[in-house]
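Inspection log for the structure reproduced underneath, given as C-alpha cells.
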Amino acid sequence: QVHLVESGGGLVQAGGSLRLSCTASGLTSDDYAMGWFRQLPGEEREGVSCISWIYGTTDYADSVKGRFTISKDNAKNMLYLQMNSLKPEDTGTYYCAAEFDYSGGHLCGAPPTDFGYWGQGTLVTVST
C-alpha cells in the first residue's frame with residue numbers, strides 16, 4: 001500500500017523560504033511520477049511541480065517557475081520542494097502525490113485527478 005507523508009510546512013514571511021519533504025513508501029516499482037499540488041483558499045487543487053522518478057524530467061506551474069525547485073532522493077524515497085521568494089499568494093495546503101506512470105514520463109503536467117496516491121497535506125502560510 002502506497003503511503004505518503006509530507007512535512008516542512010509552516011509560517012514564513014514574504015520573501016522567505018521553506019523546504020517541503022515527502023516520505024514515500026509502498027511504491028513497488030520506479031516507474032512513477034511524484035508531484036506537489038496545492039490548494040489555495042477558496043480554490044481548487046492545482047499542480048505545483050512534478051518529477052518523473054525514472055527519467056528525472058520535471059514540470060512546474062508558471063506561477064512558481066524560478067522560485068520553486070523539485071528534487072528527489074531515490075535511495076531514501078524522498079521528494080522535496082524547495083520554495084524560495086515566497087509570496088502571500090502561495091499560502092495554502094501543499095500535498096504530495098504519486099501515480100504509476102506508464103506513459104514514458106509524460107504523467108507530469110496531468111491534473112490532480114490523474115494521481116491516485118496522496119499525502120495528508122502540510123500547511124504553508126506566507127505573511128506580508
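Atom set for the values below is all heavy atoms of this structure, side chains included, hydrogens, waters and symmetry mates excluded.
Arg38 and Ser63 make their closest contact through NH2-OG, 3.3 Å (heavy atoms, listed as atom of the first residue, atom of the second, distance). Across every non-hydrogen atom of Ala24 and Leu4, the tightest pair is CB-CD2, 3.6 Å. Gly121 and Tyr95 get closest at one heavy-atom pair: CA-CD2, 3.5 Å. Closest non-hydrogen pair, Trp53 versus Met34, comes out as CZ3-SD, 3.5 Å. Residues Glu46 and Leu40 share a closest heavy-atom pair of OE2-CD1, 3.8 Å.
Annotation: the span from Leu27 atom CG to Tyr32 atom OH amounts to 4.5 Å, rounded to 0.5 Å. Of the inter-residue distances, the one linking Leu123 atom CG with Thr93 atom OG1 reads 5.0 Å to the nearest 0.5 angstrom. Atom CH2 of Trp36 is separated from atom SG of Cys96 by 5.0 Å, given to the nearest 0.5 angstrom. Residue Glu6 holds its CD atom at 5.5 Å from SG of Cys22, rounded to the nearest 0.5 Å. Here Leu11 contributes atom CG and Thr125 contributes atom OG1; the two are 6.0 Å apart, rounded to the nearest 0.5 Å.
At distances below 3.5 Å, not a single donor-acceptor pair connects side-chain atoms of Thr58 with backbone N or O atoms of Ile51. Side-chain atoms of Tyr60 come within 3.5 Å of backbone atoms of Ile70 as a donor-acceptor pair (strictly under, hydrogens ignored). The backbone N or O of Ala33 lies less than 3.5 Å from no partner atom in the side chain of Glu99, so there is not a single donor-acceptor pair.
Residue Phe37 is not grouped with residue Val64 when hydrophobic side chains (ILVMFWY) are merged at heavy-atom distances under 4.5 angstrom, including chains of intermediate members. A single hydrophobic cluster is seen to contain both Tyr102 and Val2, as judged by linkage of ILVMFWY side chains at heavy-atom distances under 4.5 Å, directly or through other members.
Other residues, nucleotides and ligands place more than 12 heavy atoms under 6.0 Å from the CD atom of Gln120. Heavy atoms of other residues, nucleotides or ligands lying less than 6.0 angstrom from CD of Glu44 number 12 at most.
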Output side-chain donor-acceptor pairs under 3.5 Å for residues 75-86, partner residues at least two apart or in another chain, one line each.
unit_1: Gln82; atom_1: NE2; unit_2: Asn84; atom_2: OD1; d: 2.9
unit_1: Asn84; atom_1: OD1; unit_2: Ser17; atom_2: OG; d: 2.9

List, one per line, each side-chain donor-acceptor pair under 3.5 Å for residues 107-118, sequence neighbours excluded.
unit_1: Trp118; atom_1: NE1; unit_2: Phe115; atom_2: O; d: 2.9

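Annotation: side chain of Asp90 is in contact with side chain of Phe68 (closest heavy-atom distance under 4.5 Å).
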